[in-house]
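Only one structure is covered here, and it is reproduced in the block below.
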Amino acid sequence: MATDGQTIDARGLKCPLPVLKLEKRLAEVVSGTAITVLATDPMAKIDIPLHCRRNGHDCAADEADGALRFVVTKGS
């Protein structure tokens with residue numbers, strides 16, 4: 001059961017800042033929380049899904065309006 005979602009606007013930030021901001025936010029929320037990350041750094045396509053796989057979080061990605069959008073759901 002997901003709790004209220006949150007958004008991290010990391011547009012314009014370069015690697016590794018989008019992942020670091022996500023990591024910090026994930027540490028503050030309970031399992032099941034959905035966090036949306038907006039990013040423009042092309043490396044985020046690799047870094048955010050990799051971070052999620054390594055740490056047991058679900059990650060869905062798409063692209064719109066020139067920005068990458070990741071919806072990360074914190075695992076247990």
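We're numbering straight along the sequence, starting at 1.
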Q.
A side-chain contact here means heavy atoms from C-beta on lying under 4.5 Å apart; do F70 and P49 qualify?
A.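 Yes - at least one pair of side-chain heavy atoms lies under 4.5 Å apart.
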
Q: Check whether any side-chain heavy atom of L26 sits under 4.5 Å from a side-chain heavy atom of H57, and report yes or no.
A: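 Answer yes - side chains close enough.
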
Q. Does CZ belonging to R25 count more than 12 external heavy atoms closer than 6.0 Å?
A.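 For R25, atom CZ is crowded (more than 12 foreign heavy atoms under 6.0 Å).
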
Q. Is D65 atom CG crowded by more than 12 heavy atoms from other residues, nucleotides or ligands, each under 6.0 Å away?
A.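 Result for CG/D65: open.
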
Q | Check: T73 side chain, A34 main-chain N or O, donor-acceptor pair, under 3.5 Å | A |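 Flag not set: sc T73 to bb A34 has no pair under 3.5 Å.
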
Q) Is D41 reaching over with its side chain to a backbone N or O of C15, donor-acceptor style, under 3.5 angstrom? A)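 Side chain of D41 to backbone of C15: a pair is present.
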
Q. How would you list, by chain and number, every residue that makes a side-chain hydrogen bond (donor to acceptor under 3.5 Å, both in side chains) with R11, sequence neighbours excluded?
A.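 R11: side-chain hydrogen bond (donor to acceptor under 3.5 Å, both in side chains) contacts with D9.
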
Which atom pair, heavy atoms only, marks the closest approach of [X] to [Y]?
X: G66; Y: T40; result: O-CG2, 3.9 Å
X: Q6; Y: V29; result: NE2-CG1, 3.1 Å
X: L22; Y: I8; result: CA-CD1, 3.7 Å

Q.
Do N55 and H51 pair up side chain to side chain, a donor and an acceptor below 3.5 Å, judged on atom types alone?
A.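 Yes.
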
Q: List, by chain and then residue number, the residues other than I46 in its hydrophobic cluster (Ile/Leu/Val/Met/Phe/Trp/Tyr, side-chain heavy atoms under 4.5 Å); write none if there are no others.
A: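 Once heavy-atom contacts under 4.5 Å are chained together, I46 belongs with M43.
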
Q) Using a side-chain heavy atom cutoff under 4.5 Å and only I, L, V, M, F, W and Y, what cluster partners does L50 have? A)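 So far as hydrophobic clustering goes, L50 is joined with none.
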
Q: Assess whether side chain to side chain contact (heavy atoms under 4.5 Å, CB included) is satisfied between I48 and V19, documenting all intermediate values.
A: CA-CA 6 Å; I48 291 176; V19 173; 3.8 Å; yes

Q: Could you tell me the separation between the NZ atom of K21 and the CD1 atom of I35, rounded to the nearest 0.5 Å?
A: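 Those atoms lie 12.5 Å apart.
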
Q.
Once rounded to the nearest 0.5 Å, what's the spacing between atom CG of L17 and atom NZ of K24?
A.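 Spacing of CG (L17) from NZ (K24) equals 12.0 Å.
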
